[in-house]
Amino acid sequence: MKMILGLDAGSSTTKLLAMTEDGSKFIVPMRMGPMSNHKSFCAALSRFAADNAMTEEDFLYIAVTGSRATNAGEEILGVPVRRINEIEAMAAGALRFSGQEKGVVVNMGTGTALIYAEKEKAPQHIFGSAVGGGTLLGLGSKLLNTRNYTEMLFMAGKGDRTKTDISVADLDLKDVKSLDSRLTLSNFGKVYGNSDTNEQDLAASLVNMILEVVGTEAMLACRSVGCDTAIIAGALADIPGSQEVFDLMGNLCGVQFVKAGMSTFATAAGALLCAMEQ
């Protein structure tokens with residue numbers, strides 16, 4: 001049986017995911033660097049096929065989406081390309097792998113896209129945010145003396161952000177019953193003049209700040225469309241500790257944060273699903 005390849009060509013990374021043309025079986029997904037030109041798409045297909053003991057002839061077509069999708073051309077190594085709208089792919093993948101009927105999709109990639117998705121309806125792009133994985137890599141490279149994404153997350157897991165952030169617990173706000181003591185009042189608010197801050201603490205504070213910004217945006221987006229469910233997807237959805245941050249924020253305003261399964265590859269999977277419906 002022929003395979004269909006979903007390819008999410010993002011600004012920072014490329015995600016590949018294949019399934020049988022009847023949708024009954026998925027192949028282990030692969031993550032690679034950004035696709036800068038058509039030749040890089042060809043190399044990605046060759047590597048994915050080789051790693052799965054396949055050839056280009058095993059693919060019926062390739063469903064391509066993402067900000068770099070135009071570089072794919074009309075075919076990749078002779079395999080026809082179907083270009084899929086990125087918003088539609090994000091919505092389809094997030095709904096499928098979260099098990100939700102509707103919700104605000106919070107796709108955390110290089111930046112963050114927020115989309116209202118509901119089954120059997122066209123998705124609605126609410127707004128986008130410039131805060132995301134690119135923020136982590138950019139600021140992290142300056143604050144943490146590393147350009148390695150995995151190392152940044154490892155450092156964050158070892159750090160203590162209470163040494164760098166000012167939280168409700170640091171101030172006498174007992175009269176404000178709605179404020180959880182863990183809530184941040186000022187990201188990096190303790191760093192100025194503090195010589196004891198180390199890179200691990202900075203990493204923890206940086207990751208937390210990004211999650212809080214995205215969480216706040218998700219809550220506002222939910223409020224704008226009258227929805228109480230935020231579906232978290234994208235490469236940053238798997239950051240350790242993210243669910244704890246989102247749950248804390250969600251409890252403040254009655255929003256449920258649900259993480260989509262295979263979150264990193266949800267958009268690539270969504271491209272497959274959309275292509276099959278065409």
Side-chain angles (χ1 to χ4, degrees), residues 6-17 26 29 31 63-69 83-136 210-239 242-243 245-250 253-278:
L7 195 157
D8 175 14
S11 300
S12 302
T13 59
T14 303
K15 284 74 70 176
L16 300 93
L17 177 70
F26 283 94
R31 183 174 174 177
V64 180
T65 193
S67 60
R68 296 179 183 263
R83 198 161 287 114
I84 305 299
N85 178 277
E86 187 174 11
I87 299 301
E88 295 176 0
M90 288 178 180
L95 288 179
R96 170 70 177 272
F97 291 102
S98 67
Q100 301 296 307
E101 294 290 325
K102 62 181 180 179
V104 170
V105 177
V106 184
N107 195 81
M108 302 171 66
T110 303
T112 301
L114 296 105
I115 302 153
Y116 178 70
E118 186 171 352
K119 284 189 175 181
E120 310 302 330
K121 292 185 179 182
Q124 171 191 348
H125 182 228
I126 304 172
F127 58 84
S129 165
V131 176
T135 311
L136 175 60
I210 293 170
L211 292 173
E212 287 182 339
V213 169
V214 172
T216 300
E217 293 167 343
M219 291 190 295
L220 293 173
C222 284
R223 183 170 297 179
S224 73
V225 296
C227 177
D228 61 2
T229 301
I231 304 170
I232 306 301
L236 262 66
D238 293 322
I239 288 180
S242 59
Q243 193 64 50
V245 174
F246 291 141
D247 286 345
L248 172 61
M249 302 186 74
C253 61
V255 172
Q256 178 188 20
F257 285 82
V258 178
K259 189 174 79 169
M262 293 201 307
S263 54
T264 297
F265 302 93
T267 300
L272 290 177
L273 298 172
C274 291
M276 292 177 68
E277 294 178 356
Q278 291 181 348

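Here CG of Leu136 is found 6.0 Å from CD1 of Ile239. Values are rounded to the nearest 0.5 Å. Atom OG of Ser242 sits about 12.0 Å away from atom CD1 of Ile210, to the nearest 0.5 Å. The distance from atom NE2 of His125 to atom CD1 of Ile115, rounded to the nearest 0.5 Å, is 6.0 Å. Atom-to-atom distance recorded for Ile84:CD1 and Met276:CE is 11.5 Å, nearest 0.5 angstrom. In this structure, the separation between CD1 on Ile126 and CD on Glu217 is 11.0 Å, given to the nearest 0.5 Å. Note: Ser129 OG to Met108 CE = 9.5 Å, rounded to the nearest 0.5 Å.
Residue pairs meeting the ring pair (Phe, Tyr, Trp, His ring centres under 6.0 Å) criterion with at least one member in residues 256-278, sequence neighbours excluded, are Phe246-Phe257. Among pairs with a residue in residues 260-278, none fulfils salt bridge (Lys or Arg N to Asp or Glu O under 4.0 Å), at least two apart in sequence or across chains. Residue pairs meeting the salt bridge (Lys or Arg N to Asp or Glu O under 4.0 Å) criterion with at least one member in residues 92-106, sequence neighbours excluded: Glu101-Lys119. Pairs engaging residues 103-117 under the side-chain hydrogen bond (donor to acceptor under 3.5 Å, both in side chains) rule: Ser12-Thr110, Asn107-Thr267, Tyr116-Glu118 [sequence neighbours left out].
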Report all side-chain donor-acceptor pairs from residues 225-238 shorter than 3.5 Å, counting only partners two or more places apart or in another chain.
| residue | atom | partner | partner atom | Å |
| --- | --- | --- | --- | --- |
| Asp238 | OD1 | Lys259 | NZ | 3.0 |
| Asp238 | OD1 | Ser263 | OG | 3.1 |
| Asp238 | OD2 | Ser263 | OG | 3.1 |
| Asp238 | OD2 | Thr264 | OG1 | 3.4 |

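Between the side chain of Arg68 and the backbone N or O of Ser11, at least one donor-acceptor pair lies under 3.5 Å.
Closest of all the heavy-atom pairs between Thr65 and Ala271 is CG2-CB, 4.0 Å. The nearest pair of heavy atoms linking Ala268 to Lys15 is CB-O, 3.9 Å. Considering every non-hydrogen atom in both Pro29 and Leu17, the closest pair reads CB-CD1, 3.7 Å. In this structure, Cys274 and Ala92 approach most closely via the heavy-atom pair SG-CB, 3.8 Å. Nearest heavy-atom pair, Ala91 versus Ala117, reported as atom, atom and distance to 0.1 Å: CB-CB, 3.7 Å.
Listed by chain and number, the residues in a side-chain contact (heavy atoms from CB on, under 4.5 Å) with Ala69 are Val64, Arg83 (sequence neighbours excluded).
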**Report entry** side-chain contact (heavy atoms from CB on, under 4.5 Å) assessment of Val258 paired with Gln256
**Finding:** CA-CA 6 Å; Val258 178; Gln256 178 188 20; 3.7 Å; yes
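Counting heavy atoms from C-beta outward, Pro123 and Met90 have side chains that stay 4.5 Å or more apart.
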